[in-house]
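Predicted, not measured: the structure shown is a model, and the values here were computed from it.
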Amino acid sequence: MSIDKKKQISDRQLAILESEMKKQRKSVGLAYVLLILLGNIGVHQFYLGKTRRGLAYLLLGVVGWISLFSSFLGEANGGAGVIGILCFAVVGIFVLIDLFTLPKQVRAADEVAEDKILNELLVIEDDRDKS
């Protein structure tokens with residue numbers, strides 16, 4: 001959040017900012033629920049707007065599950081099981097890190113949303129000034 005940008009907007013725009021932030025603000029509680037229930041496929045990262053990171057979790061999770069199932073069904077040699085375990089280990093480390101950093105990630109996502117709204121409000125104000 002940029003204090004300088006907030007100083008540039010009117011009281012009406014500040015009210016709009018607060019209203020929009022109520023709609024877009026992320027919940028730490030919901031982020032933790034998603035992490036605990038669906039962390040191995042990165043749903044909590046998608047919720048926070050981190051699409052690339054979410055796709056990495058999803059890819060590792062899907063490859064891990066497919067590798068493990070194929071090794072249990074005997075369709076592949078033991079190497080598939082090892083790949084699956086490695087994928088789950090990497091995702092497990094990521095999830096463990098997220099357990100401790102999730103509140104900070106939520107604050108960062110909220111700041112990104114606030115900056116985006118502020119920039120839009122400032123662009124609208126600049127357009128009005130030019131007219």
Of all heavy-atom pairs between [X] and [Y], which one has the smallest distance, and what is that distance?
| X | Y | result |
| --- | --- | --- |
| Ser70 | Ser67 | OG-O, 3.0 Å |
| Cys87 | Leu60 | CB-O, 3.4 Å |
| Ala109 | Leu48 | CB-O, 3.6 Å |

Under 4.5 Å between any side-chain heavy atoms of [X] and [Y], yes or no?
| X | Y | value |
| --- | --- | --- |
| Leu99 | Leu96 | yes |
| Pro103 | Tyr32 | yes |
| Ile117 | Gln24 | yes |

Please say yes or no: joined through hydrophobic side-chain contacts below 4.5 Å, possibly via intermediate residues, are [X] and [Y] part of one cluster?
| X | Y | value |
| --- | --- | --- |
| Leu59 | Tyr47 | no |
| Val62 | Leu68 | no |
| Val112 | Phe46 | no |
| Val33 | Val28 | yes |
| Val90 | Phe100 | yes |

Nearest 0.5 Å, what's the CG-CD distance between Leu118 and Glu111?
->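 Reported value, rounded in 0.5 Å steps: 11.5 Å.
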
Looking at CG of Leu58 and OG1 of Thr51, how far apart are the two atoms once the value is rounded to the nearest 0.5 Å?
->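 These two atoms lie 11.5 Å from each other.
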
Throw together a table of side-chain donor-acceptor distances under 3.5 angstrom for residues 14-23, partners on residues two or more places apart or in other chains.
residue, atom, partner, partner atom, Å
Glu20, OE2, Lys23, NZ, 3.3

Below 3.5 Å, can you tabulate the donor-acceptor pairs from side chains in residues 35-45 to any protein atom, sequence neighbours excluded?
residue, atom, partner, partner atom, Å
His44, NE2, Asp98, OD2, 2.7
Gln45, NE2, Asp98, OD2, 3.0
Gln45, NE2, Gln105, OE1, 3.1

Does Phe94 have any ring-ring contact (aromatic ring centres under 6.0 Å, His included) partners at least two apart in sequence or in another chain, and if so, which?
-> Tyr57

Is a side-chain N or O of Lys26 found less than 3.5 angstrom from the main chain of Ala31, in a donor-acceptor match?
-> no

